[in-house]
There are 2 protein chains.
Amino acid sequence: MDMNHTVTAKDVAKLAGVSQSSVSRVYFEGAKVSEKTRLKVLAAAKQLGYRPNEFARSLITNRTRIIGLVMKGVDNPFYPQVLTRFTAAFKALGFSVLFVHTNNEELEAEDIEILLNYNVAGVIITDATMSLNVANEFKENKIPLVFFNRKLQTDDFYSVSCNNLDAGRKVAMYLLEKGVTDMVYISGNEDTSTSRERQRGFFEVLESRQIPYTKYASNYTYEGGYQTALKAIRSGHVPAAFFVANDIMALGTVDALKQQGVKIPEETKVIGFDDIEMADWPSYQLTTWRQPVEKMIHFTTSYLMDEIAAYTGKSGKVEVDGALIERLTT
Amino acid sequence: MDMNHTVTAKDVAKLAGVSQSSVSRVYFEGAKVSEKTRLKVLAAAKQLGYRPNEFARSLITNRTRIIGLVMKGVDNPFYPQVLTRFTAAFKALGFSVLFVHTNNEELEAEDIEILLNYNVAGVIITDATMSLNVANEFKENKIPLVFFNRKLQTDDFYSVSCNNLDAGRKVAMYLLEKGVTDMVYISGNEDTSTSRERQRGFFEVLESRQIPYTKYASNYTYEGGYQTALKAIRSGHVPAAFFVANDIMALGTVDALKQQGVKIPEETKVIGFDDIEMADWPSYQLTTWRQPVEKMIHFTTSYLMDEIAAYTGKSGKVEVDGALIERLTT
DNA sequence: CTGAAAGCGCTTACAG
DNA sequence: CTGAAAGCGCTTACAG
């Protein structure tokens, strides 16, 4: 119906025989209109193909219905599902997702400039951190912010993650129950809170039981897990178990061990972290620690919705318990 | 620093001692200002922390710098890389990505409503199609649209995909050269152009050489490939080769065959499609047809940029040649 | 409940 | 090159 000229509330008002204000009230949540005008307006709007202009709206309300979602390292199959679940959750809440991708563990000013320009309603930073300097810009603009799957050193922000410390401990205890006598920990990138805490909980238990262990630093990639596992058994000694800081590395570890003829779980055991889909594939059947993704997403979205409704700038560190998923590599 | 009150061009103008128009001209690409005013404005802007309001801007120009990216089925590891590459490409061009996710092969009105509300500058539909009805809404609003990795039946739109027909033929010829005598094709979802065309090219060659083949319908998932492969060898006869319509299914096929003790490539050969990262993993080393992702993205973005600069509504079907990547499953 | 009017923060002819 | 003024499409007090 509309030819070249975009249909405005004014056009609808004219056709419906009401004022532009009334048209606005029909589309603005919380505004009051009589049922009679509502019907007239909706009929006219339908006929003309009217659709409220989000920009004009945002200009006045100074609020948007856009959430900035910043992601890093989408090669890790853990994240695509996080992305789609967030998108679905926000869609249900009436929000859209502006997707920003970065390659750095620490976001830089330019990565987030766009979010400020669009005056997003809220921001989720996944799998990365940022300098206080940059993060404070959000505070100044009263834009709520959640670090997802990362904890910061400071107490000034809100973060949601798996209880990694506890998970590390439980993994250690599980392997000890299996009668394992020495272990290897393959870390993710060492500048991440996730890897550090999984390691801390794990080592804490091993040390208290005086179990020998070796640590190898890696980088959260399949290739990293593969090469690191090869390095770990180069001496000829195969440890009784590997705790690998995420699943994609654990799959690399499994493949490397298999290729070297090491039998799993007979000669050594492997346990990963995340519970990505591939962990359940028949060729791997990887025992792993499942991240409580649904709950993590729930805490993230409800914090954001609360803060969007009434900004408080509340900080906190939410840690959700995961669970051990036992398969065939232990 | 701004306290509570957002800094506007007016504030900057006052501090810089120029008009608001001049401030605007400094930030509006293509507008002319003297170097002298530019410097005064930039200094004042920096001091106040000014940042042009994108919404006010879009309201007037009736253009945005947002690209709507609609994705389906991000479980297929082919897509995360597509997403990040698109995001990087658009970032370099000064555009942001609004991410929309759908579960349906055919998008519904509500999936795209948001894109119209935000008056996006352009739209990419990945791995899905939409009814003409819905698609025409974009035409009416002069929003350029590209179907990525899907071809439509009609000639009314612009699509960019791999040359799937040619790929199917080349795969057949490659397997014939290997001396293969009978084959199985495992299809993806049958309502997708990708699966249909790969199949058509493949069968065309087999028929012309009178090579026997069997087709099994599957669904582009790992589990689908796994179960379908089991079904294909249930009779006890193992075909000389499998052409599987995408890599993730091919990995499932490989695992199923291995589990049944079928030796690859000695007893049968497997070839996939996409060349996802996992195809190169040591435990798979899957021979596959590589999709020319970089080129496909290039054609998509340059079409969109052209149409955004000057809308023509041009349609077309771009098909880019891929290449065979030979590994150890053939 | 409804309408007229002001104003959100910009861009853009139009004069000078 | 620059400024004053109009206007983009909405929301929102303010009267009635």
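Lettering of chains follows the sequences in order, A, B, ..., and the numbering in each one begins at 1.
- Atom CZ of A:F55 and atom C1' of D:dG9 are 12 Å apart (whole Å).
- Taking side-chain N and O atoms only, A:S34 has no distance below 4.0 Å to OP1 or OP2 of C:dC1.
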What side-chain donor-acceptor pairs closer than 3.5 Å can you find for residues 113-126 of chain A, not counting sequence neighbours?
unit_1 : atom_1 : unit_2 : atom_2 : d
A:N119 : ND2    : A:N62  : O      : 3.4
A:N119 : ND2    : A:N62  : OD1    : 3.2

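- For A:L15, the side-chain contact (heavy atoms from CB on, under 4.5 Å) partners two or more places apart in sequence, or in a different chain, are A:A44, A:Q47, A:L48.
- Proximity of B:T37 to the phosphate of D:dC1: no side-chain N or O atom is located under 4.0 Å from OP1 or OP2.
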Could you list the donor-acceptor pairs under 3.5 angstrom formed between side-chain atoms of residues 82-93 of chain A and any protein atom two or more places apart in sequence or on another chain?
unit_1 : atom_1 : unit_2 : atom_2 : d
A:T84  : OG1    : A:P80  : O      : 3.3
A:T84  : OG1    : A:Q81  : O      : 3.1
A:R85  : NH1    : A:E294 : OE2    : 3.1
A:R85  : NH2    : A:Q81  : OE1    : 3.2
A:T87  : OG1    : A:L83  : O      : 2.7
A:K91  : NZ     : B:D111 : OD1    : 2.9

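- Distance A:R63 CZ to C:dG9 C1': 18 Å, rounded to the nearest Å.
- Between A:K14 atom NZ and D:dG9 atom P there is a gap of 13 Å when expressed in whole angstrom units.
- The salt bridge (Lys or Arg N to Asp or Glu O under 4.0 Å) contacts involving residues 92-101 of chain B comprise nothing, where partners must be two or more places apart or lie in separate chains.
- For the pair B:N117 CG and D:dG9 P, the interatomic distance rounds to 15 Å; values are reported in whole Å.
- Contact annotation: B:S22 does not reach the phosphate of D:dC1 (side-chain N/O to OP1 or OP2, under 4.0 Å).
- Rounded to a whole Å, the CZ atom of A:R38 is 10 Å from the P atom of C:dT2.
- B:S159 OG to B:K317 NZ: the interatomic distance, rounded to the nearest 0.5 Å, is 6.5 Å.
- When the nearest nucleotides of DNA chain D are assigned to B:G17 and B:L59 by heavy-atom distance, the more 5′-ward of the two goes with B:G17.
- With sequence neighbours left out, the side-chain hydrogen bond (donor to acceptor under 3.5 Å, both in side chains) criterion links A:D156 to no other residue.
- Within the 4.0 angstrom heavy-atom criterion, no nucleotide atom of any strand lies near B:S58.
- For residues 11-36 of chain B, the pairs satisfying ring pair (Phe, Tyr, Trp, His ring centres under 6.0 Å) are B:Y27-B:Y50, with sequence neighbours left out.
- With sequence neighbours left out, the side-chain hydrogen bond (donor to acceptor under 3.5 Å, both in side chains) criterion links B:T194 to B:T192, B:Y220.
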Fill in the blank from the handout: Under a 4.0 Å heavy-atom criterion, the protein footprint on nucleotides 10-16 of chain C, written with B, S and -, is BBBB---

Handout entry: Steps toward salt bridge (Lys or Arg N to Asp or Glu O under 4.0 Å) verdict (B:E54, B:R65)
Key = CA-CA 9 Å; B:E54 285 289 339; B:R65 299 186 74 81; over 6 Å; no

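- Base-pairing analysis of DNA chain C finds the following stems of at least three consecutive Watson-Crick or G-U pairs, with both pairing distances under 3.5 Å: C:1-3 with D:14-16, C:5-12 with D:5-12, C:14-16 with D:1-3.
- With rounding to whole Å, B:N141 atom CG is found 15 Å from D:dG9 atom C1'.
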